[in-house]
Amino acid sequence: MRNDIKEILFTTEQIEDKAAQLAKQLEVDYQDKKPILLGLLKGSIPFIGDLMKHMNIPIQIEFMDVSSYHGGTTSSGQVKILKDLDISVENRHIIIVEDIVDTGFTLTKVIALLKHRGAASVEVVTMLDKPEGRIVEMEPKYIGFTIPKAFVVGYGLDYDEYYRNLPYVGILKEEVYMK
Ligand code: IMP
């Protein structure tokens, strides 16, 4: 897999340190709120795992699966809910955990849905932000790293469902997806 990576952007250590910092900030901001950490499958799995172990307050963990990419390297703009929540979010404080924000379509749709269902508050913590890719306005409150407009994989992020298990974040060589 390493041969398919053009450049490593963030090492395991850098990512884990950042997750711990963000977790401590969330711990302060959500002290008495019993928030739901809502991971968006499948890319958020390593990040939510690192965040939760550093949050020493009562939290609930839930997941949703939404898709806008359908295997390529650009967003389709059509956000589909593949797996919905099976609990009520009414009057609950929700922290959406995302791997990366690009166009903003996915989060805009999920935030609107949770608010419509009566959530008390909805914020986003994302490991990576690609602001140059934004098509709809969306500003995550908690951001790990801001990156340029490149297609990255690893630490949960995939290309065609592969590379999620790389322990670092790297830029995928263009020839891999131009084939
Ligand atoms: P958005 O709806 O365009 O903001 O895209 C968010 C979702 O697209 C993320 O949760 C990822 O699944 C996927 N995505 C966006 N950029 C990348 C990338 O560089 N590599 C892998 N997946 C990406």
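Order of listing sets the numbers, starting from 1, for every ligand and every atom in it.
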Pull out every atom of ligand 1 sitting under 4.0 Å from any heavy atom of [X], numbered as shown with elements.
{"X": "Thr106", "result": "1 (P), 2 (O), 5 (O), 6 (C)"}
{"X": "Gly104", "result": "1 (P), 3 (O), 4 (O)"}
{"X": "Asp158", "result": "21 (C)"}
{"X": "Ala150", "result": "19 (O)"}
{"X": "Leu157", "result": "21 (C), 22 (N)"}

Does an N or O from Val101, backbone or side chain, lie closer than 3.5 Å to an N or O of ligand 1?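 The answer is no, given that Val101 and ligand 1 share no N or O pair closer than 3.5 Å.
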Backbone or side-chain N or O of Val152 under 3.5 Å from ligand 1 N or O: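 Looking only at distances, the answer is yes, because the N/O contact criterion of under 3.5 Å is met.
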Under 3.5 Å: donor-acceptor pair, side chain of Lys173, backbone of Asn3: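 Between the backbone of Asn3 and the side chain of Lys173 there is a qualifying donor-acceptor contact (under 3.5 Å).
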Give a yes or no answer on whether the side chain of Arg134 reaches the backbone of Asp102 with a donor-acceptor pair at less than 3.5 Å.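 Yes, because the side chain of Arg134 sits within donor-acceptor range (under 3.5 Å) of the backbone of Asp102.
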Looking only at the side chains, is there a donor atom on one of Asp4 and Tyr159 sitting less than 3.5 Å from an acceptor on the other?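 Checked: Asp4/Tyr159 side chains show no N/O donor-acceptor pair below 3.5 Å.
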Shortest reach to atom 18 (C) of ligand 1 by a heavy atom, considering only Tyr159, Phe105, Tyr163, Phe151: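 Looking at heavy atoms only, the winner is Phe151.
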Can you figure out which of Asp99, Asp160, Val110, Leu40 has its heavy atom closest to atom 9 (C) of ligand 1?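 Looking at heavy atoms only, Asp99 sits closest to atom 9 (C) of ligand 1.
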Under 4.0 Å from ligand 1, counting heavy atoms only, is it the side chain of Val79, its backbone, both or neither?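 Within the 4.0 Å criterion, Val79 makes no contact with ligand 1.
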Report the part of Lys130 (side chain from C-beta onward, or backbone N, CA, C, O) that has a heavy atom under 4.0 Å from ligand 1; answer both or neither where that applies.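 It is the side chain that touches ligand 1; the backbone stays farther off.
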Flag yes if more than 12 heavy atoms outside Lys83 fall under 6.0 Å of its NZ atom; otherwise flag no.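 Enclosed.
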Which pairs of donor and acceptor atoms, one on a side chain in residues 21-28, lie under 3.5 Å apart (sequence neighbours left out)?
| residue | atom | partner | partner atom | Å |
| --- | --- | --- | --- | --- |
| Lys24 | NZ | Glu27 | OE1 | 2.9 |
| Lys24 | NZ | His54 | O | 2.9 |
| Glu27 | OE1 | Asn56 | N | 2.7 |

Could you tell me how the ring of Tyr30 sits relative to the ring of Tyr142: parallel (under 30°), tilted (30 to 60°) or perpendicular (over 60°)?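 Tyr30 vs Tyr142 ring planes: tilted.
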Find out whether the Lys NZ or Arg CZ of Lys18 is both under 6.0 angstrom from the six-membered ring centre of Phe145 and within 45° of the ring's axis.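 Yes, cation above the ring, under 6.0 Å and within 45°.
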Restricting to side chain to side chain donor-acceptor pair (under 3.5 Å), what partner residues turn up for Glu62, sequence neighbours left out?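 For Glu62, the residues satisfying side chain to side chain donor-acceptor pair (under 3.5 Å) (neighbours in sequence not counted) are Gln60.
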